[in-house]
A.B. asks: 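Here it is, the structure, as structure tokens.
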Amino acid sequence: MAKQKMASAESQPRFGQSVKGLLSDKVGSCSGDVIALTRQVLKGSRSQELLGQAARNMVIQEDAILHSEDSLRKMSIITTHLQYQQEAIQKNVEHSKNLQDQLRHLLK
């Protein structure tokens, strides 16, 4: 009976040490998982931040495009008016040349 108690006493420290080792390994594994999860959350947060910034930039670009379209439309109208004015000036120059010719002919 003394031998059984002695064997039992010797196996308990080994068992305790192996449990402590397993527990330590498990804690280390869980810590690694928590760190990985934290990194993933931070990465997701950064991705969300970048998506938000991209959306804001897209809205700014859309406003710039709309403004550019409006400017092009206005420039087209101005171009048309300038063409009408150019045609009117050309007609007046031709008319002026005809009047100058008539005036010269009368003065001779």
A.B. asks: Looking at Q48, I'd like to know if its CD atom is crowded, meaning that more than 12 non-hydrogen atoms belonging to other residues, nucleotides or ligands lie closer than 6.0 Å.
C.D. replies: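 No - once you tally the heavy atoms of other residues, nucleotides and ligands closer than 6.0 Å, there are 12 at most.
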A.B. asks: Quick one: does any side-chain atom of S76 pair with a main-chain N or O of L72 as donor and acceptor, under 3.5 Å?
C.D. replies: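 Between the backbone of L72 and the side chain of S76 there is no qualifying donor-acceptor contact (under 3.5 Å).
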A.B. asks: Measure from the side-chain N and O atoms of S45 to the backbone N and O of V41, and report whether any donor-acceptor pair falls under 3.5 Å.
C.D. replies: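 No, S45 side chain to V41 backbone: no donor-acceptor pair under 3.5 Å.
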A.B. asks: Find the distance between CE (M58) and CG (L51) and round it off to the nearest 0.5 Å.
C.D. replies: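 Reported value, rounded in 0.5 Å steps: 10.5 Å.
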A.B. asks: About how many Å separate CD of Q83 and OG1 of T80, when rounded to the nearest 0.5 Å?
C.D. replies: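 Here the interatomic distance stands at 5.5 Å.
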A.B. asks: Could you give me the CA-CA distance, side-chain angles and deciding distance for K97 and D101, then say whether salt bridge (charged side-chain N to carboxylate O under 4.0 Å, His left out) is met?
C.D. replies: CA-CA 6 Å; K97 286 181 182 178; D101 290 342; over 6 Å; no
A.B. asks: Kindly give the heavy-atom pair with the smallest separation between E49 and R56, and that separation in Å.
C.D. replies: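 Shortest heavy-atom contact: O-NH2, 4.4 Å.
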A.B. asks: Side chains of V93 and Q90: closer than 4.5 Å at any heavy-atom pair?
C.D. replies: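 They are not in contact (no side-chain heavy atoms under 4.5 Å apart), so the answer is no.
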A.B. asks: Tell me whether S29 contacts the main-chain N or O of D25 through its side chain, where contact means a donor paired with an acceptor under 3.5 Å.
C.D. replies: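 Judged by distance alone, no pair lies under 3.5 Å.
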A.B. asks: Quick check for you: to the nearest 0.5 Å, what is the distance between I78 atom CD1 and R73 atom CZ?
C.D. replies: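 Reported to 0.5 Å precision, the distance equals 12.5 Å.
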A.B. asks: Using only heavy-atom distances, determine whether the side chains of N57 and Q61 contain a donor-acceptor pair under 3.5 Å.
C.D. replies: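 There is no such pair (donor and acceptor under 3.5 Å, judged by atom type) between the side chains of N57 and Q61.
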A.B. asks: Would you compute the distance between atom CG of L37 and atom CG of L42 and round it to the nearest 0.5 angstrom?
C.D. replies: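 Here the interatomic distance stands at 9.5 Å.
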A.B. asks: Atom CG of L82 and atom CE of M75: how far apart are they, to the nearest 0.5 Å?
C.D. replies: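 Reported to 0.5 Å precision, the distance equals 11.5 Å.
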A.B. asks: side-chain contact (heavy atoms from CB on, under 4.5 Å), that's the test. Do K74 and I77 meet it? Break it down for me.
C.D. replies: CA-CA 5 Å; K74 288 177 182 177; I77 292 169; 5.6 Å; no
A.B. asks: Can you tell me how far the OG atom of S96 sits from the CD1 atom of I89, to the nearest 0.5 Å?
C.D. replies: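 Here the rounded value is 12.5 Å.
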